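Letters go in sequence order (proteins before strands), and every chain restarts at 1. Fair warning: this is a prediction, and the values are worked out from it, not measured in the lab. Values below: every heavy atom of this structure, side chains too, minus hydrogens, waters and symmetry copies.
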2 protein chains.
Amino acid sequence: MSVVEQGRPLTPAAQRVLDVAGTLFYERGIGGVGMELIAAEAGVTKKTVYDRFGSKEALIVAYLRTRDRRWRAFVTERVTAAPGPRAGILATYEALDTWQRRHNARGCSMVNACAELPDPEHPVHRVAAEEKAWLRDVYRRLVTEARYDDPESLADRLLILHEGAIVTYSIGGLPDSARIARDTADALLPR
Amino acid sequence: MSVVEQGRPLTPAAQRVLDVAGTLFYERGIGGVGMELIAAEAGVTKKTVYDRFGSKEALIVAYLRTRDRRWRAFVTERVTAAPGPRAGILATYEALDTWQRRHNARGCSMVNACAELPDPEHPVHRVAAEEKAWLRDVYRRLVTEARYDDPESLADRLLILHEGAIVTYSIGGLPDSARIARDTADALLPR
DNA sequence: ACCTATCTATACCGGTGTGTATACTTGCGG
DNA sequence: CCGCAAGTATACACACCGGTATAGATAGGT
């Protein structure tokens, strides 16, 4: 049984494989990276990779889940540190700005994965949908907490701004997209 | 010399190939479609495909350029039919709404292509950048024409809303994303 | 009548990619 | 001390994919 099918802690080799897969999948695309290369780069045999993860599909899912977990923790930290719900909303865009400048020249890993694996039955679509639903809930919660009118519609608007900032940063030629999205949200939110 | 390297009219077989490639690339992804399949589906030999287009890369570029041309014509038509610059801006989101409901369950073909072919030197990145730059210019022109303050910043905000609506429609679970983006723009633009 | 462009039919080459099989080693816990 | 989990090393099966080669058919223009 592979190590991902129940949340056991990763073996050292499996951790290295997951780390390498994370950077390679993101930088070169999922289809552009073979299991052979991942194994070599992690200093591991292909057999070890398959013993730990079972298949490429499972490794892809593990890669996305790991990235998702980190991203959620990063945002949550920034939001809870904010002095109130309104500042919390703006903090999501500031977090995005920081995240992008740190390690995000290639857009959203979820969106990219869905682009490469179009079959809607493929597990990556579930992971991606969960991530977007999570962010939408974050906005809903904050908007409700701030007692704005029409919270659901407002949360959708904030989500659209967020996703738009990600795309326009990587291919729209807007290196300040997150900051612009933040200011747009600031203009949309009553004081 | 291939038929795309100078704008000669396409031969009947080449046109069929381009049509088939258009739907298949979009629906199954570029990496998920082989030249063999495209040829077969178009009722054509692989040799014909290579005689007309030269390579898969060139066929991909032709596919994106064709789609881009149609999209620009569609938007331009709606914008020029609008009674003024403010209505023109809103018309871009209404056009997106129509376009998405008609044939767009899988997001932006440019974004998807860039996700599949990460090398920034690959020609698809140039095509994608041109398309986004064009849309940004559309917004700049309209915003300037409407004599709003800070036109460049406002145009960027409108572009972010637009791209966000595309992503959240296909992955974010917002079937009304374009309409929401339109209403958001409506709220942002002084009357 | 001939030439050229277009297209069919089919076979093939080299490379790559996922996944499996086999045999051996190392280290730790009961 | 033994057994099991984790890992190395290597080879291989099988499929697919981009691209090429060869040979022939068809039709329109000069």
Side-chain angles (χ1 to χ4, degrees), chain A residues 1-21 24-25 27-64 113 116-119 121-124, chain B residues 1-21 24-25 27-64 113 116-119 121-124:
Chain A
M1 200 216 274
S2 66
V3 90
V4 287
E5 292 178 39
Q6 203 62 352
R8 286 176 290 184
L10 294 181
T11 66
Q15 187 62 60
R16 258 151 46 219
V17 168
L18 192 53
D19 290 347
V20 165
L24 287 183
F25 280 154
E27 286 171 6
R28 308 191 196 178
I30 293 170
V33 179
M35 298 293 268
E36 191 92 45
L37 178 65
I38 292 173
E41 212 73 14
V44 150
T45 328
K46 220 169 29 157
K47 182 166 185 301
T48 301
V49 178
Y50 279 93
D51 281 349
R52 290 311 124 225
F53 294 93
S55 68
K56 183 173 186 179
E57 179 174 302
L59 181 57
I60 294 167
V61 171
Y63 146 65
L64 289 177
E116 287 199 69
L117 305 163
D119 178 10
E121 299 305 311
H122 196 289
V124 302
Chain B
M1 199 217 272
S2 68
V3 90
V4 287
E5 292 180 41
Q6 203 62 351
R8 286 176 288 183
L10 294 180
T11 65
Q15 186 62 58
R16 258 151 46 218
V17 168
L18 191 54
D19 290 346
V20 165
L24 287 183
F25 279 155
E27 286 172 6
R28 307 190 197 179
I30 292 170
V33 179
M35 298 293 269
E36 192 92 47
L37 178 65
I38 291 173
E41 212 73 14
V44 152
T45 326
K46 219 166 36 153
K47 179 161 189 301
T48 301
V49 178
Y50 279 94
D51 281 348
R52 292 309 123 226
F53 294 93
S55 68
K56 184 173 186 179
E57 180 173 301
L59 181 58
I60 295 167
V61 171
Y63 146 64
L64 288 178
E116 288 200 67
L117 305 163
D119 178 10
E121 299 305 311
H122 196 289
V124 302

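The minimum heavy-atom distance between A:A14 and A:R52, with the atom names listed, is CB-CG, 3.7 Å. Shown here for B:Y50 and B:K56, the closest heavy-atom pair between the two residues is CE2-N, 4.5 Å. Considering all non-hydrogen atoms of both residues, A:L18 and A:Y63 come closest at CD1-N, 3.9 Å.
Closest to the B:T45 side chain, of the nucleotides C:dA9, D:dT8, D:dG18, is C:dA9. Closest approach to the A:P12 side chain among D:dT20, D:dG7, D:dT10 is made by D:dG7 (side chain taken as heavy atoms from C-beta onward). Nearest nucleotide to the side chain of B:K47, out of D:dG18, D:dA23, D:dT8: D:dA23. Closest to the B:V44 side chain, of the nucleotides D:dG19, C:dT18, C:dT8, is C:dT8.
One interatomic measurement links the two molecules: CE of A:M35 to P of C:dG17, which rounds to 12 Å at whole-angstrom precision. Between A:I30 atom CD1 and C:dT18 atom P there is a gap of 11 Å when expressed in whole angstrom units. Between the CZ atom of A:R16 and the C1' atom of D:dT8 there is a distance of 12 Å, rounded to whole Å. Between the CD1 atom of A:I38 and the P atom of C:dG17 there is a distance of 11 Å, rounded to whole Å. B:L24 places its CG atom 12 Å from the P atom of D:dC17, with the value rounded to the nearest Å. Rounded to whole Å, atom P of D:dG7 lies 12 Å from atom CD of A:Q15. Rounded to an integer number of Å, the gap from CD of A:E36 to P of D:dA11 is 12 Å. For the pair B:L37 CG and D:dG18 C1', the computed distance is 14 Å after rounding to whole Å.
Among the atoms of the strands shown, none is found under 4.0 Å from any heavy atom of A:G32. Among the atoms of the strands shown, only primed sugar atoms or phosphate atoms (P, OP1, OP2) are found under 4.0 Å from some heavy atom of B:V33.
The phosphate of C:dT6 (OP1 or OP2) has no side-chain N or O of B:T48 nearer than 4.0 angstrom. Within the 4.0 Å cut-off from OP1 or OP2 of C:dG19, not a single side-chain nitrogen or oxygen of A:S55 is found. For C:dA5, neither phosphate oxygen OP1 nor OP2 lies less than 4.0 angstrom from any side-chain nitrogen or oxygen of B:R52.
Contact annotation: the side chain of B:I38 approaches that of B:L59 to within less than 4.5 Å [non-hydrogen atoms, C-beta and beyond].
Looking at A:K46, its side chain comes within 3.5 Å of the base of C:dG19 through a donor and an acceptor atom.
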Requested in this report: Just do the side chain to side chain contact (heavy atoms under 4.5 Å, CB included) check on A:V124 and A:E116 with the steps written out, would you?
Outcome: CA-CA 10 Å; A:V124 302; A:E116 287 199 69; over 6 Å; no
